[in-house]
Trainee: 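The structure that follows is given in the form of structure tokens.
Only a predicted model underlies this, so the values are computations on that prediction, with no experimental measurement involved.
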Amino acid sequence: MDVRIKWVEGMMFLAESESGHAIVIDGPPEIGGKNMGVRPMEMLLLGMGGCTSIDVMQILQKGRQNVTDCVAEISAERVDTIPKVFSKIHVHFIITGKGLKEAVVARAVKLSAEKYCSASIMLEKAVEISHDFEIVEA
């Protein structure tokens, strides 16, 4: 996989993916940015959240669950010293649907966390990651 990060101005960069998509990365004004894009550490969480969400949805769809919405709310804590790495990440899934089976949802979240999500499995080598879920009947 190859990506390209091109400086635009100040602390703004254009990140281009191998698949042909682009995202603006920018810093806050206090470091010379204009707050026009996602911060790099936010992007790391977004990538992990997208990875695990795709896994969970694929597993639920294969399990013939009638899902109408899937939201992953991710909260993370960072250490106070430089480098300000993540110390904890928590993923909370809110799965909405009709007649969802709790055991199937629990299995989907567990399989993503332990077997399929490359991003979270890689990150958990350095960060404490936890997952939970709630089911909302639609």
Trainee: Mind jotting down which residue pairs meet the side chain to side chain donor-acceptor pair (under 3.5 Å) criterion with at least one end in residues 54-73? Sequence neighbours excluded, please.
Mentor: Asp55-Ser112
Trainee: Nearest 0.5 Å, please: how far is CD in Glu114 from CD in Glu124?
Mentor: 8.0 Å
Trainee: Quick one: pull up CE in Met12 and CG in Asn35 and give me the separation to the nearest 0.5 Å.
Mentor: 9.5 Å
Trainee: Does the distance from a Lys or Arg side-chain N to an Asp or Glu carboxylate O, for Arg4 and Glu18, drop under 4.0 Å?
Mentor: no
Trainee: Do Glu9 and Lys34 pass the side-chain contact (heavy atoms from CB on, under 4.5 Å) test, and can you show the C-alpha distance, the side-chain angles, and the key distance before you say yes or no?
Mentor: CA-CA 10 Å; Glu9 66 177 351; Lys34 294 182 181 176; 2.9 Å; yes
Trainee: Through direct or indirect side-chain contacts below 4.5 angstrom among Ile, Leu, Val, Met, Phe, Trp and Tyr, which residues connect to Met41?
Mentor: Leu44, Leu45, Met48, Val56, Met57, Leu60, Val67, Ile74, Phe86, Ile89, Val91, Phe93, Ile95, Leu100, Val104, Val105, Val109, Leu123, Val127, Ile129, Phe133, Ile135
Trainee: For Arg107 and Leu111, what are the C-alpha separation, side-chain angles and deciding distance, and is it a side-chain contact (heavy atoms from CB on, under 4.5 Å)?
Mentor: CA-CA 6 Å; Arg107 180 176 175 271; Leu111 282 172; 3.5 Å; yes
Trainee: Between His90 and Ser75, do the side chains contain an N or O donor and an N or O acceptor separated by less than 3.5 Å?
Mentor: no
Trainee: Quick one: CZ on Phe13 to CD1 on Ile5, what's the gap to the nearest 0.5 Å?
Mentor: 9.0 Å
Trainee: Show the nearest heavy-atom pair for residues Asp80 and Lys84, with the distance to one decimal.
Mentor: O-CE, 3.6 Å
Trainee: Tell me whether Val71 shares a hydrophobic cluster with Val136, the cluster being built from Ile, Leu, Val, Met, Phe, Trp, Tyr side chains joined at under 4.5 Å.
Mentor: yes
Trainee: Give a yes or no on this: more than 12 heavy atoms of other residues, nucleotides or ligands lie within 6.0 Å of atom CD of Glu134.
Mentor: yes
Trainee: May I have the step-by-step check of side-chain contact (heavy atoms from CB on, under 4.5 Å) for Ile59 and Tyr116, ending in yes or no?
Mentor: CA-CA 10 Å; Ile59 295 164; Tyr116 294 114; 4.1 Å; yes
Trainee: Heavy-atom count around Glu42 CD within 6.0 Å, excluding the residue itself: above 12?
Mentor: yes
Trainee: Would you say the side chains of Glu16 and His21 form a donor-acceptor pair under 3.5 Å?
Mentor: no
Trainee: Taking all non-hydrogen atoms of both residues, which atom of Cys51 and which atom of Cys117 are closest, and how far apart?
Mentor: SG-SG, 3.0 Å
Trainee: Between Ile25 and Met43, is the side-chain contact (heavy atoms from CB on, under 4.5 Å) condition met? List the steps.
Mentor: CA-CA 9 Å; Ile25 299 171; Met43 192 171 310; 3.4 Å; yes
Trainee: Between Asp26 and Gly33, is there a donor-acceptor pair closer than 3.5 Å when you use the side chain of the first and the backbone of the second?
Mentor: no
Trainee: Of the non-hydrogen atoms in His131 and Ala113, which two are nearest, and what is the gap between them?
Mentor: CE1-CB, 3.4 Å
